[in-house]
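Reviewing the structure listed below.
Reckoned from all heavy atoms, side chains included, excluding hydrogens, waters and symmetry mates. We number each residue from 1, following the sequence as shown.
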Amino acid sequence: MMRYLFLLALLTAACRPAPEAAAGGPLAVPDTVRVVDYDFSAPAHRYDLPRALQEISGLTVLDARHLGAVQDEDGDLFTINIETGAVDKRRFAKRGDFEGLANADGRVFALRTDGKLYELIDWRAEEIEDREHETKLDERYDPEGLTYDAANNRLLVICKEFAGKGYEGMKAIYAFDLG
């Protein structure tokens, strides 16, 4: 429960409009950010997902017709067809606590809380081959979120616990250069 409150607080802080926007003034938005209004009481689509996806730990857009999801117990990629709601499951790695999934311009990555980063070579394959990338993160950091920073061709990893030596009491976001 605390994890969700932390993420909600993080998202709320990140999505809060600038003071001048709240007062009716202009909202300064970087070129890489697109502001979209959502009505959470009226979803565009509704799908019945398998029990294994009761807790989705990572979610990303794979292509124009598919979402990708991981839950936090197995190294499985679930693909969700947004037109039909059909769900396919494919194994890509050993068991572990997976917390993030990101599509980096066609390259799909999954993050485990031990800092291991898996690149899914072809997410459409019947059996997904993966390539493990070393990071300097481990369980102490408790990596929880993963996203793609297209402007800088890197993945961003947010850590829930240890921020690093000299950063006590802070939260850290680490960058993984894809070049």
Side-chain angles (χ1 to χ4, degrees), residues 1-18 28-36 38 40 49 52-62 67-80 90-121 123 128-179:
M1 181 67 167
M2 191 61 162
R3 170 178 27 203
Y4 300 113
L5 293 175
F6 172 77
L7 291 175
L8 180 59
L10 179 65
L11 288 171
T12 303
C15 296
R16 185 177 298 128
V29 178
D31 292 338
T32 58
V33 175
R34 193 174 107 206
V35 177
V36 179
Y38 291 100
F40 288 102
L49 298 176
L53 288 178
Q54 184 173 351
E55 179 184 337
I56 295 175
S57 298
L59 184 68
T60 194
V61 175
L62 295 170
L67 296 176
V70 293
Q71 44 90 302
D72 70 353
E73 294 177 7
D74 297 311
D76 294 328
L77 174 70
F78 292 83
T79 58
I80 305 164
R90 296 177 180 91
R91 168 133 341 251
F92 67 85
K94 298 174 190 158
R95 292 182 58 89
D97 188 2
F98 286 88
E99 293 294 343
L101 188 67
N103 183 344
D105 200 24
R107 296 170 65 189
V108 178
F109 293 87
L111 176 70
R112 273 193 344 200
T113 58
D114 61 4
K116 300 217 182 303
L117 187 64
Y118 293 87
E119 182 175 358
L120 313 186
I121 305 305
W123 65 266
I128 301 173
E129 182 183 338
D130 65 78
R131 180 180 306 131
E132 186 178 319
H133 294 276
E134 290 297 322
T135 70
K136 295 184 180 187
L137 305 175
D138 58 37
E139 295 88 0
R140 291 176 302 164
Y141 294 83
D142 197 6
E144 284 284 324
L146 181 69
T147 193
Y148 177 52
D149 174 9
N152 296 296
N153 192 35
R154 62 188 181 182
L155 295 171
L156 299 177
V157 179
I158 187 165
C159 298
K160 190 167 91 172
E161 296 299 331
F162 182 66
K165 189 175 180 180
Y167 299 103
E168 290 77 13
M170 297 181 190
K171 297 295 179 191
I173 298 175
Y174 285 91
F176 183 83
D177 186 2
L178 294 173

- Item | 4.5 Å side-chain heavy-atom contact, Phe92 and Glu129 | no
- By side chain to side chain donor-acceptor pair (under 3.5 Å), Asp74 pairs with (sequence neighbours left out) Arg95
- Task: Output yes when a side-chain donor or acceptor of Glu119 lies under 3.5 Å from a complementary backbone atom of Ile121, and no otherwise.
- Result: no
- Note on the structure: Between Asp138 and Arg140, the two heavy atoms sitting closest are OD1-N, 2.9 Å
- Message: Under the criterion side-chain contact (heavy atoms from CB on, under 4.5 Å), I'd like the reasoning laid out for Leu62 against Ile80: C-alpha separation, chi angles, the key distance, then a yes or no.
- Response: CA-CA 9 Å; Leu62 295 170; Ile80 305 164; over 6 Å; no
- Item | Any donor-acceptor pair under 3.5 Å from Asp114 side chain to Glu139 backbone | no
- Query: Which pair of heavy atoms, one from Val70 and one from Gly100, lies closest together, and at what distance?
  - Reply: CG2-O, 4.1 Å
- Query: Leu77 versus Ile128: any side-chain heavy-atom pair under 4.5 Å?
  - Reply: yes
- Check: Leu156 and Tyr174 side chains under 4.5 Å, non-hydrogen atoms: no
- Query: Among Asp76, Thr79, Leu120, whose side-chain contact (heavy atoms from CB on, under 4.5 Å) with Arg90 holds?
  - Reply: Thr79
- Item | Heavy-atom donor-acceptor pair, Tyr141 side chain to Thr113 backbone, under 3.5 Å | no
- With a 6.0 Å cut-off on ring centres, are Tyr148 and Phe176 close enough? no
- Message: Quick one, Tyr118 with Arg112, criterion side chain to side chain donor-acceptor pair (under 3.5 Å). Give me CA distance, side-chain angles, the key distance, then yes/no.
- Response: CA-CA 8 Å; Tyr118 293 87; Arg112 273 193 344 200; 3.1 Å; yes
- Pairwise side-chain contact, Asp177 with Asn152, heavy-atom cut-off 4.5 Å (strictly under): no
- How far does CD1 of Ile173 sit from CE of Met170, to the nearest 0.5 angstrom? 13.0 Å
- Heavy-atom count around Gln54 CD within 6.0 Å, excluding the residue itself: above 12? no
- Judged by atom type as modelled, is there a donor-acceptor pair below 3.5 Å linking the side chain of Lys171 to the main-chain atoms of Lys160? yes
- Task: Please confirm whether the backbone N or O of Thr60 pairs with a side-chain atom of Asn103, one donor and one acceptor, at under 3.5 Å?
- Result: no
- Once you round to the nearest 0.5 Å, how far does CG of Leu101 lie from CH2 of Trp123? 11.0 Å
- Starting at OG of Ser57, measure out to CG of Asp97 and round the result to the nearest 0.5 Å. 7.0 Å
- How many angstroms lie between NZ in Lys116 and CG in Leu111, if you round to the nearest 0.5 Å? 11.5 Å
- Starting at CG of Asp149, measure out to CG of Leu155 and round the result to the nearest 0.5 Å. 9.0 Å
- Item | Student check: side-chain heavy atoms of Ile158 and Pro143 closer than 4.5 Å | no
- Message: Less than 4.5 Å apart, side chain to side chain, heavy atoms only: is that true for Thr135 and Val157?
- Response: no
- Message: Using 30° and 60° as the class boundaries, would you call the ring planes of Phe109 and His133 parallel, tilted or perpendicular?
- Response: tilted
- Look at atom CG of Asp105 and say whether more than 12 heavy atoms of other residues, nucleotides or ligands are closer to it than 6.0 Å. no
- Query: Any side-chain heavy atom of Glu55 sitting closer than 4.5 Å to one from Gln71?
  - Reply: no
- Message: Quick check for you: to the nearest 0.5 Å, what is the distance between Arg107 atom CZ and Arg131 atom CZ?
- Response: 7.5 Å
